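To find a chain, count down the sequence lines: A is the first, B the second, and so on, and within it residues start at 1. Side chains are part of it too, since the values below use all heavy atoms of this structure and drop only hydrogens, waters and symmetry mates. All of these numbers come straight from a predicted model, not from anything done at the bench.
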2 protein chains.
Amino acid sequence: MSLKHAVLALLEAEEGSGYDLLKRFQARLGYFWNASHQQIYQQLKKMHAEQLIEFEVESQTDKPDRKVYSITETGHEELLKWMSQPVKPNKVNDALLVKLYAGELVSPEQLQAEIAHHRTRHQNTLNTFLAIEAEYLASPAAEQKTLQLPYLTLRRGILGEQSWLNWADEVEAALLKRTSAEATKR
Amino acid sequence: MSLKHAVLALLEAEEGSGYDLLKRFQARLGYFWNASHQQIYQQLKKMHAEQLIEFEVESQTDKPDRKVYSITETGHEELLKWMSQPVKPNKVNDALLVKLYAGELVSPEQLQAEIAHHRTRHQNTLNTFLAIEAEYLASPAAEQKTLQLPYLTLRRGILGEQSWLNWADEVEAALLKRTSAEATKR
DNA sequence: ACCCGATATGCAATAAATTGCATATAACCC
DNA sequence: GGGTTATATGCAATTTATTGCATATCGGGT
């Protein structure tokens, strides 16, 4: 999988500890890559064994020690190699849609509640993304240029979330009609 | 994971063999759930051990035998239980975006080629979805009503693919500018 | 004083997914 | 006749991801 390559990409930009990487995954790749701390620590261990990365232990007096990882020449080559090969399309697995698909088994109200819950999440995510975008657009032209590619990934997040919310509108409208149809039957 | 519940949802609607389920995943849940034949066969085996499903062997003279699975009462209950609990949000892992994020390492042309390749795939998927939608919209009102929820999942697919293509337009425009900027430098 | 959250890392066990291999028939095209 | 695709199923090994537990410090709130 390409958790390995996501880590290499992050370390290529800047060295960091496992915890740093976790935070960077959450803050910067949040929309398109999710990894737990377990996944990251295990992956780092494995990548170190493969000599793709190296680390130095940084003693800290106040907090626990941290291992600061950086990419090696081998790791850099591996990343370049990966970059030049076509990536395979994503596997999509969306449990919410499975639930909607089989939604006849429960009440429209229950489906509505579920959608509403996810809507809140998606709306919050979108708001976060829009705030980051506003910051980017307010930055100097030179910085915008260097961050253009990460910005484009952010755009994917924004368009994706907006699309999700538009879909939720459709679903909620359809479920509302179902609810009233059911009420009429009684 | 809820591959289990996706299988239960499919068997709830109609019994079928492993191969049938594979085809149904591809044809009907294609946008939102992907499973390999290995995953399905292994899952069926496990679910049979858990007594969520049962099967009858159907001998066929011309083709290999098939095991026709159907949902049990226990399986039905398990599905209902799952339906009534909130599903957790999806984990997104999009390798293409990782590549774009680290895109400074390769030429804009290479990124363009990669995007173009994915664009073709997404456009084809969208066309397929639109054809299914046209069929749905041409069906009698009664059928539209019974298939409304699956139709809403299809809508997710359509809106999602359209959103992806809109994003690809943005990316391609941005990459084109990069290419010409690079050409000017020389 | 005590609990909680953030920082910081990791082991061990289990569960899930992928990859590679394996078999067998029928239909269709070249 | 030979190759490919579709039907139909499965084992075994490996890789990945998840879950549960464990440790340790600091700062802030109650």
Side-chain angles (χ1 to χ4, degrees), chain A residues 1-8 10 15-27 29 33-50 52-53 55-69 78 82 87-95 98, chain B residues 1-8 10 15-27 29 33-50 52-53 55-69 78 82 87-95 98:
Chain A
M1 287 300 94
S2 37
L3 169 59
K4 187 198 281 187
H5 302 104
V7 169
L8 286 175
L10 284 178
E15 58 171 35
S17 68
Y19 197 77
D20 287 341
L21 289 170
L22 175 66
K23 292 294 141 185
R24 283 207 254 162
F25 268 110
Q26 288 168 357
L29 314 196
W33 204 276
N34 293 279
S36 67
H37 89 273
Q38 287 303 346
Q39 256 180 296
I40 292 171
Y41 284 118
Q42 283 177 44
Q43 191 63 44
L44 286 171
K45 197 177 164 186
K46 202 185 293 179
M47 289 167 72
H48 183 250
E50 293 173 55
L52 300 173
I53 55 176
F55 66 87
E56 277 181 48
V57 178
E58 202 176 84
S59 302
Q60 300 190 130
T61 46
D62 48 341
K63 288 174 196 169
D65 289 356
R66 44 205 307 275
K67 288 186 188 171
V68 179
Y69 288 92
E78 171 62 31
W82 179 75
V87 295
K88 42 181 165 177
N90 260 11
K91 208 180 142 169
V92 179
N93 290 83
D94 190 331
V98 172
Chain B
M1 285 300 94
S2 39
L3 168 59
K4 188 198 278 188
H5 302 105
V7 169
L8 287 176
L10 284 178
E15 59 171 35
S17 67
Y19 197 77
D20 287 342
L21 289 170
L22 174 68
K23 293 292 142 187
R24 282 207 254 162
F25 268 110
Q26 289 167 356
L29 314 196
W33 204 277
N34 292 279
S36 68
H37 89 274
Q38 288 302 346
Q39 256 180 295
I40 292 170
Y41 285 117
Q42 283 177 46
Q43 191 63 46
L44 287 171
K45 196 177 165 186
K46 202 184 295 179
M47 289 167 72
H48 183 252
E50 293 172 54
L52 300 173
I53 55 176
F55 66 87
E56 278 184 47
V57 176
E58 202 176 84
S59 302
Q60 300 191 128
T61 46
D62 49 340
K63 288 174 198 172
D65 289 358
R66 46 206 306 275
K67 288 186 189 172
V68 180
Y69 289 91
E78 170 62 30
W82 179 75
V87 295
K88 44 181 164 177
N90 261 11
K91 206 180 143 169
V92 179
N93 290 82
D94 190 331
V98 173

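Atom-to-atom, OH of A/Tyr41 to P of C/dA12 comes out at 17 Å; the value is rounded to the nearest Å. Between A/Gln26 atom CD and C/dT7 atom C1' the separation is 12 Å, expressed in whole Å. In this structure, the NE2 atom of B/His48 is 15 Å from the C1' atom of D/dT9, given to the nearest Å. For the pair B/Gln38 CD and D/dA8 C1', the interatomic distance rounds to 12 Å; values are reported in whole Å.
Minimum atom distance to the side chain of B/Ser17 is reached by D/dA8, of the listed C/dA8, C/dA17, D/dA8. Distances from the side chain of A/Leu3 to the nucleotides D/dA17, D/dC11, D/dT9 place D/dA17 closest.
Dashed line: the shortest gap from a side-chain N or O of B/Lys23 to OP1 or OP2 of D/dT7 is under 4.0 Å. For the OP1/OP2 pair of C/dT7 and a distance below 4.0 Å, the side-chain nitrogens and oxygens of A/Tyr19 include at least one atom meeting the criterion. For the OP1/OP2 pair of D/dT16 and a distance below 4.0 Å, the side-chain nitrogens and oxygens of A/Lys46 include at least one atom meeting the criterion. In this structure, A/Lys45 does not reach the C/dT9 phosphate: none of its side-chain N or O atoms is under 4.0 Å from OP1 or OP2.
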- Between A/Trp82 and B/Val98, is a side-chain contact (heavy atoms from CB on, under 4.5 Å) present by the stated rule, with each step listed? CA-CA 11 Å; A/Trp82 179 75; B/Val98 173; 3.8 Å; yes

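For A/Gln42 against C/dG10, a side-chain-to-base donor-acceptor contact under 3.5 Å is absent.
Using a 4.5 Å heavy-atom cutoff, the side chains of A/Leu52 and A/Lys4 are in contact. Side-chain contact check for B/Asn90 versus A/Asn93: every heavy-atom pair is 4.5 Å or farther apart. Side chains of B/Asp20 and B/Arg66 form a contact here, defined as non-hydrogen atoms less than 4.5 Å apart.
Mapped onto DNA chain D by nearest heavy atom, B/Asn93 and B/Tyr69 fall at different nucleotides, with B/Tyr69 at the one closer to the 5' end. For the pair B/Lys91 and B/Lys67, nearest-nucleotide mapping onto DNA chain D gives the more 5' position to B/Lys67.
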